[in-house]
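Comments concern the structure below.
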Amino acid sequence: MNITIIGGGLAGASIGYHLVKLGNSVTIYDRNDKGQATFASAGIVCPWISQRRNKKWYRLVTKSAHYYPEFISTLEKEAGMSTGYKNSGAICLFKENIFDKATKRISDKAIDNPDVGEVRQLTKDELSALHPSLTTEYPALIVEGGGQVRGRKLLAALKEAFIKYGGIWENKSYDGGNDDTLKIYTTGAWGAEQAYKPEIAHQRAEIMHFKLKHQKDLQSPVVMALGPTYIVHLENDEYVIGTTHIDTDSFDTAPTEESYNYLQDELYKYFKPEEVEITEMGVGLKPYTRDFLPFIGYVANNTFVVNGMGSTGLTASPFVGHEVARLLNNLPTELDFEDYSYIEPQN
Ligand SMILES: Cc1cc2nc3c(=O)[nH]c(=O)nc-3n(C[C@H](O)[C@H](O)[C@H](O)COP(=O)(O)OP(=O)(O)OC[C@H]3O[C@@H](n4cnc5c(N)ncnc54)[C@H](O)[C@@H]3O)c2cc1C
């Protein structure tokens, strides 16, 4: 099959990679827009902590997390590159009054899913050994199965392997074609430029990069702090804290003073100001569709769309790529695509 993919973020690259491995001829067009979600992303792969009750989403992200270790080990060998994937666990902080209830909620998920790993409350000394610079009075537990990946490194490795398998990568906009080859649109937030339904909306997410002055080369676990705040170790002494979520129609990617101040306040809740050095702000545009579930399906003859990967697109994209490639090659899939291919919101 000859296939054209429009959009080379993690969604498009993952689909392209799996398609070429199945013997398809694939060209990916990517414009590398400022604000690409994959480039800005934090990289947490730990879907079991969320309190979200949507079963279709949960099936997707847990199957995706299960696929990660095998996928990464194959890809890193094929590409000869590191993706920054680490399975160092996830520390979760809670308010005292809900700590035991939260521990039970997450532990219950581990009962029939070995991917979650051990879920264990940490003593203050254990927490301090895992993350010495973190200052918090909140009680903590660790989810051993939690992991992380570096979005931009993963994308570079996928691109490398895709090209090694014979894929063609064009660093430019797709300006249409009259042929009747299959087109797959994975244009992220810029899906708003296409006329198809469901409509693609986006949130602007800002993330603060910082260095820890006395914490180098420690494989600290991801920290899921209070509310929407998280802290992720990237490499050496580099960390990020995120994130802001603002619904917007704008494609402006200049960092704002308001987000800087908000994230700086969050940062100083968890680290002493004299321990950190803020280095830069990142801005990414996270794509959403009708009900915060990805859309994966045909919107017209020969036009397939994968978009709306939202806040868990790094987690889900590799497995979605695997499954979409199988679907398009008439191979059995684990995902039931009817769960993701409807246009109107479902209850
Ligand atoms: C700050 C931040 C933190 C995040 N943290 C996490 C996390 O911890 N864990 C997690 O699982 N997920 C996370 N995410 C979500 C994840 O990054 C996204 O869901 C995912 O990267 C979306 O991938 P995508 O390929 O759909 O879109 P994108 O990565 O945005 O890629 C779309 C690409 O399409 C290209 N394009 C658009 N139109 C055209 C065209 N006409 N022609 C050619 N190219 C075109 C664009 O230039 C762009 O390169 C985070 C996102 C952000 C912004």
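Only heavy atoms go into these numbers, but all of them, side chains included; no hydrogens, no water, no symmetry mates. Each ligand, and each atom within it, is numbered from 1 in the order the structure gives.
Ring-plane geometry between Tyr17 and Phe71 is classed as perpendicular, the angle between the planes exceeding 60 degrees on a 0 to 90 degree scale with a lower cut at 30.
Identified under the ring pair (Phe, Tyr, Trp, His ring centres under 6.0 Å) test for residues 27-63, with sequence neighbours left out: Tyr29-Tyr174.
Within the 4.5 Å cutoff, the side chain of Asn307 has no heavy atoms near those of the Phe295 side chain.
When all heavy atoms of Gln215 and Ser220 are compared, the pair lying nearest together is NE2-OG, 2.9 Å.
Within 4.0 Å of ligand 1, contacts by protein heavy atoms are made from Ile6, Gly7, Gly8, Gly9, Leu10, Ala11, Tyr29, Asp30, Arg31, Asn32, Asp33, Gln36, Ala37, Thr38, Ala40, Ser41, Ala42, Gly43, Ile44, Lys172, Ser173, Tyr174, Thr186, Thr187, Gly188, Trp190, Ala205, Tyr230, Gly284, Lys286, Met309, Gly310, Ser311, Thr312, Gly313, Leu314, Thr315.
Considering only residues two or more places apart in sequence or on other chains, Lys63 meets the salt bridge (charged side-chain N to carboxylate O under 4.0 Å, His left out) condition with Glu334.
Tyr288 forms part of a hydrophobic cluster together with Phe292, judged by ILVMFWY side-chain heavy-atom separations under 4.5 Å.
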